[in-house]
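To find a chain, count down the sequence lines: A is the first, B the second, and so on, and within it residues start at 1.
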Amino acid sequence: MNSEFEKQWAAISRGAVDLLPLEEFKSRLKQSIEKNKPLRVKQGFDPTAPDIHLGHTVGIRKLRQFQQLGHKIVLIIGDYTAMVGDPSGRSATRPQLSYDQIMANSETYQKQFFKILDKSVTEIHYNGEWFAKMDFKSILELAAKFTVARILERDDFEKRFKSGTPISIHEFLYPLMQAYDSVAIKADVEIGATEQKFNLLTGREIQQDYGVEPQVILTLPVLVGLDGHQRMSKSIGNYIGIDEPPGEIFGKVMSIPDSLIYSYFELATDIPETHLKEIKAALESGMTNPMNIKKELGQTLVAQYHDAEAARTAREEFERVFSRKEIPEDVPEFDASGYGGRIWIVQLLEDSHIVNSRGEARRLIRGGGVSIDGVKVTDEDLELALKNGQMIKAGKRRHLKIKI
RNA sequence: GGAGGGGUUCCCGAGUGGCCAAAGGGAACAGACUGUAAAUCUGUCGGCGAAGCCUUCGGAGGUUCGAAUCCUCCCCCCUCCA
């Protein structure tokens with residue numbers, strides 16, 4: 001029994017930043033093992049965008065570990081909280097989404113969750129299940145359980161308040177809603193990123209107010225996005241979606257700053273501990289070209305969300321197109337048969353939607369970014385004699401094959 | 001309700017009558033280089049076959065030869081007081 005606890009504790013605490021309150025957490029786990037009663041482990045996701053990205057997977061992968069240890073995972077799809085938008089870590093109010101948009105997103109969310117989690121043993125709830133039924137009186141009761149001073153303890157609110165950035169009342173409700181989710185599903189454990197700590201702890205207090213045994217909490221590091229500074233987020237656009245095509249995932253991985261390589265391995269992949277150590281050593285020694293380690297990261301992630309074959313292809317494709325500057329495998333064709341054999345290059349770029357405007361086409365040409373069959377275009381007035389199979393390249397990623 | 005301060009291009013932010021398609025930074029895109037769609041450096045960064053013209057500085061009117069800049073009304077945000 002004791003060794004079972006040690007085993008579980010090691011798995012659970014790996015990679016975690018905070019386990020609070022620590023002793024309570026341990027005893028809850030012990031009890032669960034002794035009584036053979038799985039812990040109810042909760043995490044909420046607001047379907048504010050159609051994609052689950054690598055940042056989400058940090059938590060989801062932790063959930064899977066719990067699941068593999070036999071605990072009960074309870075996913076909350078925050079259809080109601082999404083209408084507020086979690087202000088955590090944000091410096092401005094989120095735009096409010098329409099309900100239809102939210103529902104459409106939650107569809108894709110569910111599909112993507114179960115790329116990682118085992119659907120058959122996962123409990124899933126929309127928080128609209130309870131919030132839609134709440135009347136105003138119940139909302140007042142909930143709101144009365146917390147004070148403005150307490151909520152202003154939260155760093156992001158405090159900053160906004162002090163700097164005079166608007167905070168709407170409904171944003172104050174967010175932590176209470178998330179906390180109430182824990183009441184509704186009787187969570188034993190709630191997990192989230194470190195920036196969620198306040199919300200998670202609020203859950204404890206509100207649960208007690210409603211006579212439910214308070215949850216313990218587990219926080220995980222925030223995954224930094226492609227830009228290397230801000231947290232990975234859909235709204236910032238610095239993310240890798242797990243549903244993206246192999247080439248996209250691989251390419252985006254290659255675009256992260258070298259400094260992020262290790263944390264991506266640590267937080268977003270399944271590689272064993274021993275290999276993780278090797279990677280750390282390799283990065284620190286400077287003996288290995290970080291590019292190669294990054295390629296391995298890209299391949300690992302593609303394999304994780306597609307398969308090993310796709311990963312290999314993505315890598316080969318990347319090496320072909322970007323390292324050797326050759327032509328990619330699949331180039332979109334453009335039917336240019338209607339031009340009578342000749343076309344102004346700028347017009348061609350615009351008509352094929354490879355650029356957004358003629359101005360952009362001109363600029364690209366001036367900057368030396370356009371080539372035809374490998375020959376750089378220097379004249380923006382060029383009247384191109386069209387040939388079947390001609391390859392047009394605009395910038396490093398946009399290719400076009402002429403079809404007549 | 002009162003007093004004051006604001007709303008500028010994707011974002012932040014400068015600009016208070018012509019030199020403003022609007023400084024600077026960020027993002028983005030491109031080029032060079034390379035060890036990568038890293039880093040670094042350089043360039044571009046509203047639209048138009050490019051000449052000038054058109055659209056843009058919260059909205060609608062107005063003053064003026066000329067308005068992001070001045071006036072009027074309206075909308076929105078912030079601060080302090082009540």
request  = Please confirm whether the backbone N or O of D270(A) pairs with a side-chain atom of Q304(A), one donor and one acceptor, at under 3.5 Å?
outcome  = yes

query = Within this structure, what is the CZ-to-C1' distance between R362(A) and G46(B), rounded to whole angstrom?
reply = 15 Å

ask   = 5'-most contact on RNA chain B: F161(A) or S323(A), nearest heavy atom basis?
value = S323(A)

key: N or O in side chain of S255(A) less than 4.0 angstrom from A38(B) OP1/OP2   = no

task = Mind checking G251(A) for me? I need base, sugar-phosphate or nothing, with any heavy atom below 4.0 Å counting as a touch.
result = base

task = Considering only atom P, compute the distance from A21(B) to A67(B) and round it to an integer number of Å.
result = 12 Å

request  = State whether K376(A) places a side-chain N or O below 4.0 Å from either non-bridging phosphate oxygen (OP1 or OP2) of A32(B).
outcome  = yes

ask   = What interatomic distance, in whole Å, is found between C1' of G2(B) and the corresponding atom of C57(B)?
value = 31 Å

message = Taking G52(B) as the reference, what is the distance to G58(B) when you measure between their P atoms (whole Å, please)?
response = 29 Å

note = Here the distance between atom P of C33(B) and atom NZ of K396(A), to the nearest Å, is 12 Å

message = Does the structure show a Watson-Crick or G-U wobble partner for G17(B), both distances under 3.5 Å? Name it, or say none.
response = none

request  = Would you mind telling me which residue lines up with the more 5' stretch of RNA chain B, G368(A) or I261(A), judged by nearest nucleotide?
outcome  = G368(A)

task = Grab the CZ-P distance between R398(A) and C29(B) for me, whole Å please.
result = 9 Å

query = From G47(B), A37(B), G35(B), pick the nucleotide closest to the side chain of F318(A)?
reply = A37(B)

inquiry  = I want to verify a distance call: between G47(B), A50(B), U36(B), whose nearest atom is closest to the R366(A) side chain?
reply    = A50(B)

query = Would you call the rings of F318(A) and F322(A) parallel, tilted or perpendicular, where under 30° means parallel and over 60° means perpendicular?
reply = tilted

ask   = Now, which nucleotide makes the Watson-Crick or G-U wobble pair with C45(B), with each of the two distances under 3.5 Å?
value = none

ask   = At under 4.0 Å between heavy atoms, what does G359(A) touch on the DNA or RNA strands: base, sugar-phosphate, or nothing?
value = base

ask   = Once you round it to whole Å, what is the distance between P of A37(B) and CZ of R324(A)?
value = 13 Å

task = Look at the side chain of L364(A) and decide which nucleotide, out of C48(B), A37(B), A30(B), has an atom nearest to it.
result = A30(B)

Gap in Å between the two C1' atoms, one belonging to C75(B) and one to G15(B), rounded = 24 Å

query = Between the side-chain atoms of D258(A) and the base atoms of U36(B), is any donor-acceptor pair under 3.5 Å?
reply = yes

request  = Step through it carefully: locate the ring centre of Y126(A), locate the ring centre of F131(A), and say whether they are under 6.0 Å apart.
outcome  = no

ask   = What does G298(A) touch in the nucleic acid at a heavy-atom separation under 4.0 angstrom: a base, only the sugar-phosphate, or nothing?
value = nothing

key: G1(B) - base-pair partner by Watson-Crick or wobble geometry, distances under 3.5 Å   = C81(B)

task = Please report, rounded to the nearest Å, how far the C1' atom of C10(B) is from the CG atom of N238(A).
result = 15 Å

message = In whole Å, I'd like the distance from the CD atom of E380(A) to the P atom of U44(B).
response = 14 Å

inquiry  = What's I256(A) touching, base or sugar-phosphate or nothing? Going by heavy atoms closer than 4.0 Å.
reply    = sugar-phosphate

key: Separation of the C1' atoms in C48(B) and U56(B), to the nearest angstrom   = 15 Å

query = Do K294(A) and V253(A) come close enough that some side-chain heavy atom pair is under 4.5 Å?
reply = yes

task = Would you kindly give the CZ-to-C1' distance between R397(A) and A28(B), to the nearest whole Å?
result = 13 Å

task = Only one of R204(A), E190(A), E24(A) passes side-chain hydrogen bond (donor to acceptor under 3.5 Å, both in side chains) with Q215(A); say which it is.
result = E190(A)

request  = Indicate, with a heavy-atom threshold strictly under 4.0 Å, whether E383(A) touches base, sugar-phosphate, or nothing.
outcome  = base

note = For A32(B), the nucleotide meeting Watson-Crick or G-U wobble distances (both under 3.5 Å) is U40(B)

query = When rounded to the nearest Å, what value does the distance between P atoms of U55(B) and A38(B) take?
reply = 39 Å

ask   = NA contact type, R315(A), heavy-atom cut-off 4.0 Å: base, sugar-phosphate, or nothing?
value = nothing

note = Sorted by chain and number, sequence neighbours left out, salt bridge (Lys or Arg N to Asp or Glu O under 4.0 Å) with D51(A) holds for none

ask   = What is the pairing partner of C70(B), taking Watson-Crick or G-U wobble pairs with both distances under 3.5 Å in any strand?
value = G62(B)

task = First locate atom NZ of K111(A), then atom CD1 of I242(A), and finally report the distance between them rounded to the nearest 0.5 Å.
result = 11.0 Å

request  = Take atom P in A37(B) and the same atom in C29(B), then report the distance between them in whole Å.
outcome  = 13 Å

ask   = CD of E360(A) versus P of C10(B): gap in Å, rounded?
value = 15 Å

ask   = Would you say G47(B) has OP1 or OP2 under 4.0 Å from some side-chain N or O of R363(A)?
value = yes

Pairwise P distance for C73(B) and A3(B), with rounding to whole Å = 14 Å

Enclosure of L140(A) CG (heavy-atom neighbours >12, cutoff 6.0 Å) = yes

